[in-house]
Amino acid sequence: MENIDWKELGFGYLKTDWNARSTWRNGAWSPLEITQDEYLSLHMAATCLHYGQEAFEGLKAFRGVDGKVRIFRLEENAKRMIRTAEYTMMALPTMELFREACVEIVKRNERFVPPYGTGASLYIRPLLIGSGAQVGVKPATEYMFVVFVTPVGPYYKTGFKPISVMVDRHHDRSAPLGTGFVKVGGNYAASLLSGDMAHKAGFPGVLYLDACEKKYIDESGAANFFAIRDGAYITPKSPSILPSITNMSLRTLAADFGLRVEERPVEFAELPTFEEAGSCGTAAVISPIGKVYDPDEGKTYTFGDGATPGPWCVKLYEALRGIQLGEKDDVHGWNTVL
Ligand SMILES: Cc1ncc(COP(=O)(O)O)c(C=O)c1O
């Protein structure tokens, strides 16, 4: 693509050529429709608009060192969308539908897969919405599944440099028995205000604590939290966080490297004991956390010098990127190679 400055790409929407859609009606998904239309025609009483009956996913395709395109952990993203659909009583997309739509749309938009070495990738956004009309609070009888793609650069402007995050004890993005563990739009609507407050205070990320006691670390904006201490990879186990597929992959890589993996409730009070901290997600990849600012206590916790990624963050980042870019053997079978 002659007009795109791949190295300068941010994390935003850029129009591509094709997207895919399927409609669930009378108990079956329609054959995929491939279109150039960026708009959906929707009934004004669609349940997604009124009752938040919607789910989305986020995964990436990468141009590898060998020129091939790889989609990272497609099946895990499909499984998570199916879990979200179950919880919100939507028609379940099948694994086949999810796979076919992602693969077809990445292939058709291949000219938008950023070149190897630019640090950019093609973000894939599957979307599932209740499209049937309903006025009572009930599940819809019709659903729409959509997949579009857009090329993206780093989520944080700083790229692979430590970020500073701010603790927010005054908002919760989700509740322990609520929707935090699935990927519904409402969780993100609930996070906009605290994200905006953190940005205005000069912090690119928010650190959420558990909704009940504000004693445990939940997650960091749209990314999971992890820390390194005494040869252990430590990450919160909480009912109100989204089970990150990046985090799942990092736990495997950490174990491969001989780190002990601890997935358990992580107390905020442990923060000063960590050697390294980081946030991880499809968009953020690994963003090392240099500083955590706690406005209620007026305290800042710093990891290392606060400006240089720690050695384990670097090692895990390189291992993950290496697999995604086809530089390292995909020993766990995470890539769909097109
Ligand atoms: C709230 C939240 N937590 C964590 C993540 C990271 O998950 P993953 O690694 O599957 O992208 C995301 C992004 O999907 C998210 O939105």
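The residues of the chain are indexed from 1 along the displayed sequence. Atom set for the values below is all heavy atoms of this structure, side chains included, hydrogens, waters and symmetry mates excluded. Numbering of ligands and ligand atoms starts at 1, following listing order.
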Any Glu76 heavy atom less than 4.0 Å from ligand 1: no
Cation over ring face, Arg321 and Phe160, 6.0 Å, 45°: no
Single-linkage hydrophobic cluster Tyr208~Tyr216, side-chain heavy atoms < 4.5 angstrom: no
Any donor-acceptor N or O pair under 3.5 Å, side chains Arg251, Thr235: no
Arg80 near ligand 1 by a heavy-atom separation under 4.0 Å: yes
Minimum side-chain heavy-atom gap Phe268-Asp294 below 4.5 Å: yes
Polar atom proximity, Asn247 to ligand 1 (N or O, under 3.5 Å): no
Proximal ligand 1 atoms for Glu219, defined as those under 4.0 Å from one of its heavy atoms: 1 (C), 2 (C), 3 (N), 4 (C)
Nearest non-hydrogen protein atom, atom 16 (O) of ligand 1: Tyr188 OH, 2.4 Å
Contact atoms of ligand 1, heavy-atom distance to Gly221 under 4.0 Å: 1 (C)
N or O contact, Asn77 vs ligand 1, cut-off under 3.5 Å: no
Proximal atoms of ligand 1 relative to Asn224 (non-hydrogen, under 4.0 Å): 3 (N), 4 (C)
Proximity flag Arg173 to ligand 1, non-hydrogen atoms under 4.0 Å: yes
Lys/Arg-Asp/Glu bridge criterion (N-O < 4.0 Å) met for Asp17, Arg111: yes
Pairing of Arg25 and Glu142 as salt bridge, 4.0 angstrom limit: yes
Test of ring centre spacing under 6.0 Å for Phe11 and Tyr123: yes
Within-4.5 Å side-chain heavy-atom neighbours: Tyr116 and Asp66: no
Contacting atoms of ligand 1, where contact means under 4.0 angstrom from a heavy atom of Ser244: 6 (C), 7 (O), 8 (P), 9 (O), 10 (O)
Proximity to ligand 1 by part of Ala283, non-hydrogen separation under 4.0 Å: neither
Atom indices of ligand 1, in the order listed, that fall short of 4.0 Å to a heavy atom of Thr282: 8 (P), 9 (O), 11 (O)
Lys/Arg-Asp/Glu bridge criterion (N-O < 4.0 Å) met for Arg63, Glu110: yes
Numbered atoms and elements of ligand 1 in range of Lys183, under 4.0 angstrom, heavy atoms: 13 (C), 14 (O), 15 (C), 16 (O)
Note: Lys107-Glu104 ion pair, threshold 4.0 Å (strictly below): no
Proximal atoms of ligand 1 relative to Gly281 (non-hydrogen, under 4.0 Å): 6 (C), 9 (O), 11 (O)
Heavy-atom nearest neighbour of atom 5 (C) of ligand 1 within options Ala222, Ser279, Ser249: Ala222
